[in-house]
Undergrad: 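Handing you a structure now.
Numbering of ligands and ligand atoms starts at 1, following listing order. Along the sequence shown, residues carry numbers from 1.
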Amino acid sequence: MTDKTIHKTIIIGSGPAGLTAAIYAARANLNPIVFEGNQPGGQLTITTDVENYPGFPDGVLGPDMMDLFRKQAQRFGAECFYKYVSKVDFSSSPFKVYVQDEEYLAESVIVSTGASARMLGLKAEKELMGYGVSTCATCDGYFFKDKEIIVVGGGDSAMEEASFLTKFASKVTLIHRREEFRASKIMIDRVLDNPKIEIIKNAVVTDIFGSQKDGVSGVLLKDTIDGKERNFDCEGVFYGIGHKPNTGQFKGIIDLDDQGYIITNPGSTLTNVAGIFACGDVQDSHYRQAITAAGSGCMAAIDAEKYLEDL
Ligand code: NAP
């Protein structure tokens, strides 16, 4: 199916970046359509309290905040669709955006597809994901009531997940691959102060034991200093090892850096293809905050508006 309309702006992705772009683009009469992807609202829909977004002095639940973003965009006429963009063709204008075999045309495209949880790449994780292995403490923590679990990682996400999971688990062991943590001091201190959390440093998980029927029973830990391996009993495994950008559809089409993040001109959201803009975590491996994503979403809409004006 081809929708013959040439849209002024198509926004791909619906986290803080995409929906802020939608608010600004809608208010600039660009009549944006938003393809929300497989996780409408983005990563904030799998977090609990957001305490650092200005304007919410008492905090706000991530999913609630994204509902507010979407409502605000729709109030100004943005149209949001629960559709996943599988392919794009940016070789000439109007640009083509595909949802399976549906083709959509646009004079400008804002890419805000965000990032996804990184995996360890173990064979067992594929089989046991959802059966004791999880990348989302907020989503799955409740299932680990009074159980002993591990959290892998040494950044802010791992610290946050470990602290959060102590609400349910009887014991949380944080496994980190080296001596120093990447996380901020305040997050590390919270973990160190929590009597339910133990820390194992200089270790990596090299296998996970269990079955879909009975869940996780333990992991194989490898010491990164002496290389020795040992079994470690646990009933749940949470990954907090960062994220990778969702740019599979854009490989070879717009310039990406060596980690797969979209390259934008410094201080703007312009990509190497005129008329294609990128905002949020898909082009930011450094700040990765809701507020910075929202800020860059605003920039993308303004950049797109200026581009369309100049056409
Ligand atoms: P991150 O900062 O990239 O940390 C990832 C952690 O996972 C690192 O400790 C890393 O180890 C480890 N890791 C990566 N790949 C691994 C592997 N294959 N095996 C074992 N360990 C592995 O990611 P993040 O913690 O998700 O944080 C991302 C951004 O969001 C950061 O800017 C962070 O400050 C922010 N954030 C903030 C908050 C908050 O303030 N409330 C909460 C969550 C996230 P190495 O250290 O050895 O590289």
Side-chain angles (χ1 to χ4, degrees), residues 15-17 39 42-54 56 59-62 65 114-126 129 133-139 141 150-167 172-194 197 199-208 219-225 227 229 232 234 237-246 257-261 280-296:
Q39 196 178 353
Q43 291 177 71
L44 281 185
T45 58
I46 52 167
T47 59
T48 43
D49 292 327
V50 179
E51 294 182 332
N52 51 10
Y53 201 90
F56 297 95
V60 57
L61 290 174
M65 187 163 96
S116 302
R118 212 182 275 146
M119 311 294 276
L120 288 178
L122 306 174
K123 208 171 142 218
E125 80 195 0
K126 285 198 187 87
M129 187 59 63
V133 179
S134 169
T135 57
C136 177
T138 316
C139 320
I150 65 164
V151 173
V152 184
D156 283 333
S157 295
M159 301 297 152
E160 192 173 63
E161 295 206 349
S163 300
F164 174 76
L165 287 165
T166 58
K167 288 187 192 177
V172 176
T173 305
L174 186 82
I175 314 274
H176 181 40
R177 65 181 173 186
R178 60 192 174 101
E179 186 62 34
E180 303 301 325
F181 288 120
R182 186 178 293 276
S184 49
K185 190 172 177 311
I186 183 170
M187 306 287 275
I188 298 170
D189 287 346
R190 261 184 219 170
V191 164
L192 294 176
D193 287 346
N194 192 322
I197 304 179
I199 293 170
I200 298 179
K201 291 181 182 175
N202 303 308
V204 285
V205 174
T206 51
D207 203 356
I208 305 171
V219 294
L220 189 62
L221 287 185
K222 184 177 180 183
D223 189 300
T224 53
I225 295 173
E229 289 191 315
F232 186 87
C234 62
V237 178
F238 284 82
Y239 287 178
I241 57 171
H243 293 81
K244 58 177 180 352
N246 299 321
D257 70 12
D258 54 4
Q259 287 185 69
Y261 287 88
D281 285 12
V282 75
Q283 51 85 59
D284 172 20
S285 60
H286 183 63
Y287 296 105
R288 294 185 283 196
Q289 300 300 301
I291 185 69
T292 49
S296 71

Undergrad: Given 3.5 Å as the limit, does a donor-acceptor pair link the side chain of S296 with the main chain of G280, or not?
TA: yes
Undergrad: Is there a polar contact, in the sense of an N or O pair closer than 3.5 Å, between A158 and ligand 1?
TA: no
Undergrad: Given 3.5 Å as the limit, does a donor-acceptor pair link the side chain of N202 with the main chain of D223, or not?
TA: no
Undergrad: Can you tell me which portion of M187 lies within the under-4.0 Å heavy-atom range of ligand 1? Options are side chain, backbone, both, or neither.
TA: side chain
Undergrad: Should you measure from each heavy atom of L120, which atoms of ligand 1 turn up under 4.0 Å away?
TA: 17 (C), 18 (N), 19 (N)
Undergrad: Nearest to atom 9 (O) of ligand 1, what protein heavy atom do you find, and at what distance?
TA: G154 N, 3.0 Å
Undergrad: Looking at atom 47 (O) of ligand 1, what's its closest protein heavy atom, distance included?
TA: R178 NE, 2.6 Å
Undergrad: What part of E51, side chain from CB on, backbone N/CA/C/O, both or neither, has a heavy atom under 4.0 Å from ligand 1?
TA: neither
Undergrad: Can you list the ligand 1 atoms lying under 4.0 Å from a non-hydrogen atom of R118?
TA: 14 (C), 15 (N)
Undergrad: Hey, is the main chain of R118 close enough, under 3.5 Å, to the side chain of K244 for a donor-acceptor pair?
TA: no
Undergrad: Is N52 in polar range of ligand 1, meaning some N or O pair under 3.5 Å apart?
TA: no
Undergrad: Any idea which protein heavy atom is nearest atom 2 (O) of ligand 1, and the distance to it?
TA: R182 CD, 3.3 Å
Undergrad: Atom CG of D156 and atom CD1 of I186: how far apart are they, to the nearest 0.5 Å?
TA: 10.0 Å
Undergrad: Distance from D207 atom CG to L221 atom CG, nearest 0.5 Å?
TA: 11.0 Å
Undergrad: So which bit of V205 gets within less than 4.0 Å of ligand 1, heavy atoms only: side chain, backbone, both or neither?
TA: neither
Undergrad: For atom 24 (P) of ligand 1, find the nearest protein heavy atom and state the residue, atom name and distance (0.1 Å precision).
TA: S157 OG, 3.2 Å
Undergrad: Return the closest protein heavy atom for atom 41 (N) of ligand 1 as residue, atom name and distance.
TA: E160 OE2, 3.1 Å
Undergrad: Donor-acceptor check, side chain of E161 to backbone of V151, threshold 3.5 angstrom: yes or no?
TA: no
Undergrad: Look up atom CZ in F181 and atom CG in L192, then write down how far apart they are to the nearest 0.5 Å.
TA: 7.0 Å
Undergrad: Among all protein heavy atoms, pick out the one at the shortest distance from atom 29 (C) of ligand 1; state its residue, atom name and that distance to 0.1 Å.
TA: R288 NE, 3.7 Å
Undergrad: Below 3.5 angstrom, do we get any N/O pair linking G153 and ligand 1?
TA: no
Undergrad: With a 4.5 Å limit on heavy-atom distance, are the side chains of M65 and L44 in contact?
TA: yes
Undergrad: Show the atoms of ligand 1 that are less than 4.0 angstrom away from any heavy atom in H286.
TA: 32 (O)
Undergrad: With rounding to the nearest 0.5 Å, note down the distance linking CZ in R190 to CD in E160.
TA: 8.0 Å
Undergrad: Checking a contact table here: which protein heavy atom is nearest atom 20 (C) of ligand 1, and how many Å away?
TA: R177 CD, 3.7 Å
Undergrad: Any sub-3.5 Å donor-acceptor pair from D257's side-chain atoms to G260's backbone N or O?
TA: yes
Undergrad: Which heavy atom of the protein is the closest neighbour of atom 38 (C) of ligand 1, given with residue, atom name and distance?
TA: D156 CB, 3.7 Å
Undergrad: Any side-chain donor paired with an acceptor under 3.5 Å for T206 and E229?
TA: yes
